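Everything below concerns the one structure shown next.
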Amino acid sequence: MPRITLPDGKLLEFPQPVSGRQVAEAIGPGLARKAIGVKIDGAEIRDLDRPITEDARLTIITAKNEDPDALWLLRHSCAHVLAEAVCELFPGTRLAYGPPVDDGFFYDMATPRPLTSDDFATIEAKMAEIVKANRPFSRVDYPCEAGLARTAGDKFKADNAQRAIAKGAKTISFYSTGNPGEHWEDLCAGPHVPATGVLGAHKVMSVAGAYWHGDQNSDQLTRIYGTCFADDKGLKTYLVRLEEAKKRDHRKIGREMDLFHLQEDNPGQVFWHPKGWSIYRTLEDYVRGRIRDRGYVEVKTPSVMSKSLWEKSGHWAKYRENMFTTASEEREFALKPMNCPGHIEIFKQGLRSYRDLPLRMAEFGSCCRNELSGALHGIMRVRGFVQDDAHIFCTEAQIPGEVADFCRLLKEVYRDFGFGDDRVLVKFSTRPAVRVGSDESWDRAEAALADACKQADLAYEVRAGEGAFYGPKLEFTLLDSLSRQWQCGTIQVDYQLPSAERLDAQYVGEDGQKHHPVILHRAILGSIERFIGILIEHFAGKFPLWLAPEQIRVLPITDEHVPYARELGDRLRRADIRATVDENSEKLGAKIRLARTDRVSYFAVVGAQEVAERTVSLQNQAGEKLGSLAIEALIERLCAEVADKRIAPTAAVGAG
RNA sequence: GCCGACGUAGCUCAGCUGGCCAGAGCACCGCUCUCGUAAAGCGGGGGUCGUGGGUUCGAAUCCCACCGUCGGCUCCA
């Protein structure tokens, strides 16, 4: 008979199988009222009313926005309410698949007519009715045969049921929102909340096309996205966060700050304006400095290289779809989508010795990839971009040291942008089923990556089988100020490309024999374009001083003060400070307003008093008055802040 | 690429049940004001209504095609 261990260690014993609800009642009636499900042994989430027959560690799940399990349950159940509403409003709708996802849920379905956002209000009204009726979610289990029979004639649900059976399901379950047989039902593994009444804080978010099982050649379905929270407050907070993300959209801020533009006739290609290019150059120069300190050499390889090279590298066979090609005098060429083949060509010039290794070859390499038009997104996903790329040619024995060194470098770099350890996630992808190379070399490479993370004190999550066919990899994901994830850095171990079958890179070893080096492909920022997009959204355009395109603007109060303002601007620029002067004949209030909406880091007001004293009256973007400073003190202050790469404490907080 | 929505001045948007010469605010240019911490006043220029076709006496408005943008295109019941 089940012995139930509660999270606080307390043990409850029951003479017969109990439901989660009965356990909750045994603890207290208040908890029983609030419970929406239980978690068993920290793994399986189960309906409140399903029996527990074995001993278990049990957690009662209540509807709380902070509990991912609670949200998962609410959203999964809310997907049913959405589906029921749509089925009722649009007879003939066939349901396909409706899981909870990160920020809500979706339901894919075939509807008799296309749905648009104009239908949301009607759907939400119907959902509200279902919630208000507070009908129970009732589960009925059927033996596989019988369950399958119930789905007969429904292509999607029959497919789902068959897949479930193939995966070893012992029964096929259906959930109805109400009484089985009487109310609407859906094939579903569950679990669900006890009744529809707890699903009040929901919203239909968007509609999009999707394919059955994500397969382009399969049925085109309508996907409706929605979300659900434990209460209206949670929903509201989420919606405010979405608003905040919208305000921070790099496409909007890029335009407002005059950083770059994209235009119709060159989809996926960025035109960098002076201020955007200032950020770009600052990033490049910064990374250049960091890798120089780590013993890298920098190179530049051609943008257009002949088909024969890409055939040897394997790109022509595997990556052709994404390559821009061109021809001249009957020879075919391709714009480089990656820098590695070029770097190997440099490595192969002359005879390399083991003494040359590790050779760390870096390039700010301009790459072109013909991304699908539908995948383009501002400067985050483009067709022309620059990677802070490098390839480390080394021996197998050098892999651990090189990877560990890279992880340390990467951590330092991320920290300078305000992404501390708590904002870096590491994913470690291990050997896939289809791969090249011996198991021994995979063992060594994987151990080296895991060990490097430990040395650099970076926690990682293993993604088994997700590695490239030629080697394992680490992927580094940043968590921005709105807690969104962006994969940026990576390091991959590659035995393939330098091999005799591919580009045949060689060095002479201590033994006088020729050997193939191992190549570590690595990047920290990833694409500079994308990284700038991330920074724009992370900082909402209010860059730390060292990155800011306009670090200070001098605001003369009247035309009389313009000469002093110009002199000041010149002094600041000579001290390597990005300074401008606002010479418009506007009132001071207007100039200040403009300086702040332009997100200039600091502005210096100069009037009669400042001219006389040779000082400035300083204020920052946030509107804090910083008092009167002499010119020298101002320069010293700004230079110190740039040198520190100081991040304003408010900058990274945001609304997230 | 596929599905859906959208495309009007540099920006944000109105007009779009077909019909006065296509509008507003901001920005821009000119003039006046020379001003002390988030928008001074007046005047002016600017749009082949994404592109191309069609329907119509008449198209920003209706239809078709194309281009582009935005959202989405599994996290396997």
Side-chain angles (χ1 to χ4, degrees), chain A residues 72 75-76 79-80 95-108 111 114-119 147-148 151 154 156-167 169 171-175 186-191 205-225 246 249 251-252 255-256 258 261-268 321-322 370-378 555-562 584-598 603-610 617-619 621 623-626:
Chain A
W72 188 87
R75 289 162 178 178
H76 187 195
H80 278 235
L95 302 173
Y97 174 53
V101 291
D102 270 352
D103 284 320
F105 60 86
F106 65 77
Y107 215 121
D108 284 349
T111 50
L115 300 184
T116 71
S117 49
D118 295 338
D119 298 309
L148 195 55
T151 64
D154 187 331
F156 306 124
K157 290 295 168 182
D159 187 359
N160 285 341
Q162 273 157 4
R163 282 167 189 261
I165 292 166
K167 266 176 52 191
T171 64
I172 291 295
S173 56
F174 289 79
Y175 277 82
D186 188 14
L187 168 81
C188 183
M205 301 301 294
S206 62
V207 59
Y211 299 99
W212 180 231
H213 292 297
D215 175 4
Q216 265 191 41
N217 302 313
S218 191
D219 300 63
Q220 173 75 46
L221 303 167
T222 297
R223 168 170 299 183
I224 302 179
Y225 279 88
K246 218 169 161 184
D249 190 314
R251 294 164 298 194
K252 182 173 179 286
R255 208 173 25 242
E256 287 171 359
D258 193 20
H261 86 268
L262 295 139
Q263 63 188 39
E264 243 192 46
D265 48 12
N266 287 293
E321 297 259 295
N322 286 298
N370 198 0
E371 301 284 352
L372 294 179
S373 60
L376 301 178
H377 177 84
L555 312 182
I557 291 175
T558 76
D559 293 349
E560 275 177 48
H561 315 123
V562 167
N584 278 314
S585 63
E586 281 289 352
K587 282 174 60 175
L588 181 61
K591 289 185 182 182
I592 288 175
R593 181 171 187 275
L594 189 64
R596 295 191 60 183
T597 55
D598 282 352
F603 54 90
V605 176
V606 295
Q609 191 187 331
E610 286 76 15
S617 169
L618 191 67
Q619 189 166 328
Q621 204 280 334
E624 293 162 334
K625 296 200 173 92
L626 303 166

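Reckoned from all heavy atoms, side chains included, excluding hydrogens, waters and symmetry mates. Predicted, not measured: the structure shown is a model, and the values here were computed from it.
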Report task. Measure distances between side-chain N and O atoms of A:Q263 and base N and O atoms of B:G50, and say whether any donor-acceptor pair falls under 3.5 Å. Result -> no
Report task. Can you check whether any acceptor in the base of B:A77 is under 3.5 Å from a donor in the side chain of A:R163, or vice versa? Result -> no
Query raised in the report: Does A:E371 have any side-chain contact (heavy atoms from CB on, under 4.5 Å) partners at least two apart in sequence or in another chain, and if so, which?
Result: A:R369, A:L376, A:R381, A:R383
Query - Which residues share a side-chain contact (heavy atoms from CB on, under 4.5 Å) with A:D186, sequence neighbours left out - result: A:H80, A:L95, A:Y107, A:K157, A:W184
Report task. Scan A:K157 against the nucleic acid and name what it touches under 4.0 Å (heavy atoms): base, sugar-phosphate only, or nothing. Result -> nothing
Query raised in the report: B:C6 pairs with which nucleotide, Watson-Crick or G-U wobble, both distances below 3.5 Å?
Result: B:G68
Requested in this report: May I ask which nucleotide in the shown strands pairs with B:G19, Watson-Crick or G-U wobble, both distances under 3.5 Å?
Outcome: B:C57
Taking only N/O atoms, report every protein-nucleotides 3-7 of chain B pair under 3.5 Å with atom names and distance.
residue : atom : partner : partner atom : Å
B:C3    : O4'  : A:Q220  : OE1          : 3.2
B:C3    : O4'  : A:Q220  : NE2          : 3.3
B:C3    : O2   : A:G209  : N            : 3.3

Query - Neighbour count above 12 (heavy atom, 6.0 Å) for A:E321 CD - result: no
Query raised in the report: For RNA chain B, whose closest nucleotide is more 5', that of A:Y97 or that of A:H377?
Result: A:H377
Report summary line: Rounded to whole Å, the CH2-P distance (A:W212 to B:G72) equals 21 Å
**Report entry** Rounded distance (Å) that lies between atom C1' of B:U34 and atom CD of A:Q609
**Finding:** 18 Å
Requested in this report: Find out whether the Lys NZ or Arg CZ of A:R75 is both under 6.0 angstrom from the six-membered ring centre of A:F105 and within 45° of the ring's axis.
Outcome: no
